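The structure appears below as structure tokens.
Just so it is clear, the model here is predicted, and its values are computed rather than measured.
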Amino acid sequence: MLPAITRVQELNPAKLGILFKKEFELCKVSQGETVMLLTDLATRREYVEAAFAAAEDLGADVYEMCVNSIPSWTKVGVPTVGQCKGTLEAAKAADIIVALHVPLFTSWLKEVRDSGTRVLMIIDSPDDLEQLMAPPGLKEAVLYADAMLANTKKIRVTSKAGTDLTYDCGEYPVMSQYGYADAPGRFDHWGGGHVHTFPNEGSANGTVVFQPGDIVILPYCRYIQDEVRMTISDGFIDRVEGGLDAKLMQDWLDDNRVDAEDRDPYAVSHLGWGLNPQALWYGIALNGDEPERSRAAARTFPGNFLFSTGPNNQGGGKRTTRGHYDVPMRDCTMELDGEVIIENGRIIDDNMIVERIKYT
């Protein structure tokens with residue numbers, strides 16, 4: 001186990017307003033627009049202040065709506081909007097919602113996006129906001145990958161560790177993030193840079209093997225320490241074998257079943273890959289295992305295969321379980337309809353390779 005690391009913030013706090021303005025410009029925040037800041041009791045107040053200043057500087061009208069709950073990666077689908085009268089209507093009336101907590105897997109998120117409101121999620125640390133801001137070319141690379149995945153019918157994922165998984169695509173839409181919400185109804189995550197979709201129901205079959213160095217980003221924040229081997233049949237994990245990491249996975253998924261017959265936590269959920277060159281696989285080793293340092297970076301580093309379990313309602317499915325597990329895997333090979341796009345964890349399609357900006 002790696003020792004705990006505590007890092008002091010390196011970003012000058014006075015730069016936050018500048019960074020937020022740059023991000024809001026990418027999101028096309030403009031004169032006369034209404035910006036809703038969706039916060040909770042744990043939101044960084046300096047983010048609220050920076051967002052107010054940036055929106056005002058761009059001529060937008062901005063206000064804060066603070067909710068009495070604290071959604072997190074381990075509490076996905078918390079309905080922070082819509083329970084109090086008028087909140088859903090207000091969210092739909094905004095041009096852009098800046099969500100300073102996790103809104104994923106909620107029904108209100110789909111409703112406001114369907115109304116044309118764009119949504120930007122900001123949940124990473126100040127140092128990571130600067131590091132992970134979308135570099136030139138990332139949007140184009142992500143949209144290229146999005147179109148490729150949308151036209152794909154069958155995917156095979158293999159690795160030297162023993163992974164050999166196949167699944168079909170097309171039943172659910174492709175979801176992609178390039179780091180900013182610049183179009184009506186778009187959801188994005190500052191620091192994003194990946195594409196994924198949910199496999200067709202019952203189509204995922206084979207073996208998935210987590211190896212040391214793969215990352216459990218949800219619900220834990222840790223590198224895999226020992227091999228985890230899963231057998232997958234008709235879209236569900238039938239068996240989880242291994243040591244400590246297998247026990248951690250099995251117990252989390254078991255504890256999120258509603259009853260002994262509930263298999264939803266063991267369903268194969270969204271699958272995809274990362275493209276953001278600003279994201280570093282070794283971030284946990286460098287910065288420690290505080291989740292705020294890894295929310296975007298751990299899941300978007302280039303060439304990872306992101307495997308997950310549990311809900312699929314974000315893509316229009318019916319599973320809403322909180323038994324969600326996210327694991328970006330290294331050193332995998334991905335074939336889309338027989339065409340290799342990632343080989344042993346390295347992107348080989350030039351259209352998806354983006355140059356990293358190095359900060360001094």
Side-chain angles (χ1 to χ4, degrees), residues 76-77 104-107 109-111 113-114 139-159 163-178 183-189 192-208 230-238 263-275 299-300 302-321 323-329 332-343 347-349 351-352:
V76 295
L104 298 171
F105 297 103
T106 60
S107 59
L109 179 60
K110 182 179 187 304
E111 286 192 55
R113 294 180 63 198
D114 287 347
K139 176 179 178 179
E140 290 75 14
V142 167
L143 292 180
Y144 170 85
D146 182 298
M148 175 180 287
L149 183 54
N151 289 318
T152 297
K153 300 302 181 184
K154 183 175 286 291
I155 294 180
R156 184 183 184 193
V157 183
T158 58
S159 76
T163 292
D164 194 344
L165 175 71
T166 60
Y167 57 96
D168 298 335
C169 301
E171 183 175 350
Y172 295 104
V174 174
M175 290 171 283
S176 60
Q177 297 173 12
Y178 45 76
R186 180 167 185 81
F187 170 85
D188 219 304
H189 176 188
H194 60 294
V195 297
H196 60 96
T197 190
F198 298 90
N200 292 0
E201 290 297 322
S203 71
N205 286 280
T207 302
V208 172
M230 287 157 285
T231 303
I232 297 173
S233 302
D234 300 330
F236 289 85
I237 300 171
D238 287 335
R263 299 187 68 203
D264 282 359
Y266 285 88
V268 177
S269 185
H270 59 79
L271 307 171
W273 67 94
L275 300 99
R299 69 185 62 238
T300 63
N304 84 75
F305 168 62
L306 179 60
F307 176 85
S308 73
T309 76
N312 66 354
N313 58 309
Q314 192 73 27
K318 297 180 180 179
R319 292 194 305 273
T320 58
T321 177
H324 193 34
Y325 219 78
D326 269 2
V327 183
M329 300 169 59
C332 291
T333 295
M334 292 192 69
E335 300 175 39
L336 276 59
D337 289 333
E339 178 183 352
V340 176
I341 61 162
I342 297 174
E343 187 171 27
I347 297 173
I348 62 172
D349 186 327
N351 293 299
M352 289 189 284

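- Using a 4.5 Å cut-off on side-chain heavy atoms (C-beta onward), Ile348 and Val340 make contact.
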Full working for side chain to side chain donor-acceptor pair (under 3.5 Å) between Asn205 and Thr166:
CA-CA 6 Å; Asn205 286 280; Thr166 60; 5.6 Å; no

Derivation of the salt bridge (Lys or Arg N to Asp or Glu O under 4.0 Å) call for Lys139 and Asp188
CA-CA 11 Å; Lys139 176 179 178 179; Asp188 219 304; over 6 Å; no

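- Between Lys318 and Asp264, none of the side-chain N atoms (NZ, or NE/NH1/NH2) sits under 4.0 Å from a carboxylate O, so this pair counts as no salt bridge.
- Residues Met175 and Val195 have side chains not in contact (no heavy-atom distance under 4.5 Å, counting atoms from C-beta outward).
- Distance check, rounded to the nearest 0.5 Å: CG of Leu165 to OG1 of Thr158 gives 10.0 Å.
- Between Asn304 and Met329 the shortest side-chain heavy-atom distance does not fall below 4.5 Å.
- With hydrogens and angles left out, the side-chain atoms of Asn200 and Tyr172 include no donor and acceptor closer than 3.5 Å.
- Between the Ser269 side chain and the Pro311 main chain, a donor and an acceptor come within less than 3.5 Å of each other.
- Side chains of Phe187 and Gln177 form a contact here, defined as non-hydrogen atoms less than 4.5 Å apart.
- A donor-acceptor pair shorter than 3.5 Å cannot be found between the side chains of Ser203 and Asp168.
- To the nearest 0.5 Å, atoms CD1 (Ile347) and CH2 (Trp273) are separated by 9.0 Å.
- Residues Asp349 and Met148 are in side-chain contact: their nearest non-hydrogen atoms beyond the backbone lie under 4.5 Å apart.
- Checking His324, Glu201, Gln314 one by one against Arg319, the side chain to side chain donor-acceptor pair (under 3.5 Å) holds for a single residue, Glu201.
- Phe198 and His196 have perpendicular rings, their planes meeting at more than 60° on a 0 to 90° scale where under 30° would count as parallel.
- With Tyr266 as the partner, the side chain to side chain contact (heavy atoms under 4.5 Å, CB included) test is satisfied by one option alone out of Ile237, Thr321, Ile232: Ile237.
- Here the side chains of Asp326 and His270 are in contact, with some heavy-atom distance below 4.5 Å.
- The shortest distance between side-chain heavy atoms of Ile155 and Glu335 does not fall below 4.5 Å.
- For the pair Tyr167/Val157, a side-chain contact is recorded, criterion being any heavy-atom separation below 4.5 Å from C-beta on.
- Ion pairing between Lys153 and Asp337 fails under the 4.0 Å rule for side-chain N and carboxylate O.
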